[in-house]
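A quick note: this is a predicted structure, and the numbers were derived from the prediction, not measured.
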Amino acid sequence: MNEGKLISTTQLVTLMLVSRLFTASIYMSSGDIIYGTDAMIAIVAAALIQIILMIPVYFLLKGQGDRDMIACAYMIHPVVGKVSAVLLWLFCLSIAGGTVLSFQYFLSYSAYPIAGAWVIILIFAVAIIYASYMGLEAVARLSFYVFFAFLVMLGFIGVALIPRYSMARVMMPFVEGTTQYPYLILQLLTRNSELILIPMMMPLLKGKVRKSFFGYLLISTVLLEALTGIVVAALGEYAKTQKFPVYTAATIAEMSVLERLDSIYLTVWIFLAFVKAALFLYMANRCFSYFVRWKTADWSMPIAMVIIVGAAVYLSGDVGLFGQFYRFIASGIPMATVLLALPCLLLLLRLAQKKRKGADANG
């Protein structure tokens, strides 16, 4: 695998945004749309909570130079480093695999209902593995063009749906109380796996990471608000009956030159999925190289391909297991483990190590 040059923090933000927009485009469910403006308020609340969630990561990396989270763990003890690397490898691999599964499910639903699941999964898996082999810089360059294409597509859809907008479809906030807010905020937090990229990419970045985090948070919040507002104002109650409300909005959007915009949406969405899956596969490979420091590390991509394709084909054929996998991801347990529990544990272990060294020095 060729890592290439370091990427800028601007490229990091673009990568994170493209990855986040894939998730927002496919996982904005009818449940989110039901709450209308409540969902839009929850987006802002979730963004503020994400700042709090990143505090342990900030203190873990503070004063550590270019070390990433795994390198910080190795400074405490090699066993701690290996365990951290395995946890992050499993997390990145599950996100990459989940993206492949989502790609297959949505593509079968929207465009190729008679195509075999294994064919779509295999072709997509080969493509993302090739992209990962090309290196992070290549994926980062592609993400810029994909992000620009998404903005253009969103503008087209937003303008095309203007005749369908109606404030009567927009439910005012707090009409149904506040009990829905914990659910909405949790969903938004668990869908933001991109946050873990910041502490994992420290050795690969040039620029001010803190600014990139707040830039990502601001831009992603604005775009999520725009997506939600467009769908709610254009579809209203009809969105409740749709599996993929954003895609439905694209299918009914028409412009005199381009006619229906769903084909454009589908094309951009495929590239969103491609960048997200390739990005997390690349990061999984870096984690793998931390706990396997010999020639087996060269086989990390083929190993990842076997795991992802095998798991995706198996899960796609079992609706029950498919649902259990996504419920586990949506539960927040994986995110809380790698983004909150692991940094907190590493901070405690580092503190204990310092106290022990101080006691030894005084003794």
Side-chain angles (χ1 to χ4, degrees), residues 1-23 61 65-71 74 85-86 88-100 103 122-150 193-209 212-213 215-216 268 270-309 338:
M1 182 189 63
N2 177 28
E3 282 197 354
K5 299 178 181 179
L6 296 175
I7 64 170
S8 68
T9 50
T10 302
Q11 288 175 308
L12 170 64
V13 171
T14 308
L15 280 167
M16 293 174 68
L17 286 171
V18 168
S19 178
R20 183 71 179 94
L21 289 170
F22 163 79
T23 310
L61 300 178
D66 291 336
R67 292 193 185 98
D68 58 20
M69 187 187 294
I70 300 175
Y74 266 99
V86 170
L88 288 167
W89 176 70
L90 290 172
F91 179 79
C92 291
L93 205 61
S94 67
I95 298 299
T99 305
V100 172
F103 177 85
L122 184 60
I123 293 173
F124 189 62
V126 170
I128 63 172
I129 285 175
Y130 174 76
S132 298
Y133 266 119
M134 293 301 293
L136 184 62
E137 189 182 14
V139 179
R141 286 198 302 266
L142 175 63
S143 70
F144 173 80
Y145 298 106
V146 175
F147 181 62
F148 179 76
F150 178 87
S193 55
E194 291 71 28
L195 290 178
I196 196 62
L197 296 173
I198 295 176
M200 292 180 68
M201 283 191 176
M202 292 299 293
L204 308 175
L205 302 175
K206 50 184 178 181
K208 296 183 178 180
V209 178
S212 67
F213 165 66
Y216 161 74
V268 173
I270 288 173
F271 279 100
L272 292 174
F274 179 77
V275 170
K276 183 182 179 76
L279 172 61
F280 276 94
L281 182 59
Y282 178 90
M283 297 311 298
N285 189 49
R286 291 195 78 250
C287 294
F288 192 87
S289 67
Y290 267 106
F291 63 86
V292 180
R293 291 182 174 271
W294 35 290
K295 289 185 178 181
T296 304
D298 296 335
W299 291 88
S300 59
M301 286 293 186
I303 290 171
M305 180 176 179
V306 171
I307 294 173
I308 288 174
V309 172
V338 299

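- Rounding to the nearest 0.5 Å places CG of L61 at 5.5 Å from CE of M202.
- Nearest heavy-atom pair across A71 and Y290 is CB-OH, 4.2 Å.
- For the pair R286/I70, no side-chain contact is recorded, criterion being any heavy-atom separation below 4.5 Å from C-beta on.
- When side chains are defined from C-beta on, I7 does not count as touching K206, because their heavy atoms never get closer than 4.5 Å.
- Shown here for I308 and A96, the closest heavy-atom pair between the two residues is CD1-CB, 4.1 Å.
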Show the numbers, then the answer: is there a side chain to side chain contact (heavy atoms under 4.5 Å, CB included) between D66 and L205? CA-CA 8 Å; D66 291 336; L205 302 175; over 6 Å; no
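- With rounding to the nearest 0.5 Å, the separation of CG in L142 from CZ in F274 is 6.5 Å.
- What you find for K276 and E194 is that their closest heavy atoms are NZ-OE2, 2.6 Å.
- The side-chain heavy atoms of V13 and T9, taken from C-beta on, include no pair separated by under 4.5 Å.
- For F103, the ring-ring contact (aromatic ring centres under 6.0 Å, His included) test picks out F124, W269, with sequence neighbours left out.
- Put simply, the side chain of V126 reaches to within 4.5 Å of the side chain of M305, judged on heavy atoms.
- With rounding to the nearest 0.5 Å, the separation of CD1 in I128 from CG in L279 is 11.0 Å.
- Smallest separation of non-hydrogen atoms from F280 and C92: O-CB, 3.5 Å.
- For I307, the side-chain contact (heavy atoms from CB on, under 4.5 Å) test picks out W89, L93, I303, with sequence neighbours left out.
- Proximity of a side-chain donor or acceptor of S8 to a complementary backbone N or O of Q11 within less than 3.5 Å is detected.
- A 4.5 Å side-chain heavy-atom check between F150 and V18 finds every atom pair outside the cut-off.
- Using a 4.5 Å cut-off on side-chain heavy atoms (C-beta onward), M283 and M201 make contact.
- Between atom CG of residue L90 and atom CZ of residue F288 there is a gap of 11.0 Å, rounded to the nearest 0.5 Å.
- Here the closest heavy-atom approach between residue V139 and residue A131 is recorded as CG2-O, 3.7 Å.
- Of the inter-residue distances, the one linking C287 atom SG with F91 atom CZ reads 10.5 Å to the nearest 0.5 angstrom.
- Looking at heavy atoms from C-beta onward, F22 lies out of side-chain contact with V146 at the 4.5 angstrom threshold.
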Might you work through the side-chain hydrogen bond (donor to acceptor under 3.5 Å, both in side chains) test for Y74 and D68, ending with a clear yes or no? CA-CA 10 Å; Y74 266 99; D68 58 20; over 6 Å; no
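- For the pair S19/V275, no side-chain contact is recorded, criterion being any heavy-atom separation below 4.5 Å from C-beta on.
- The distance from atom OG1 of T14 to atom CZ of F144, rounded to the nearest 0.5 Å, is 7.0 Å.
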For L17 and R20, what are the C-alpha separation, side-chain angles and deciding distance, and is it a side chain to side chain contact (heavy atoms under 4.5 Å, CB included)? CA-CA 5 Å; L17 286 171; R20 183 71 179 94; 5.6 Å; no
Hey, mind stepping through Y216 and L12 against side chain to side chain contact (heavy atoms under 4.5 Å, CB included) and telling me if it holds? CA-CA 9 Å; Y216 161 74; L12 170 64; over 6 Å; no
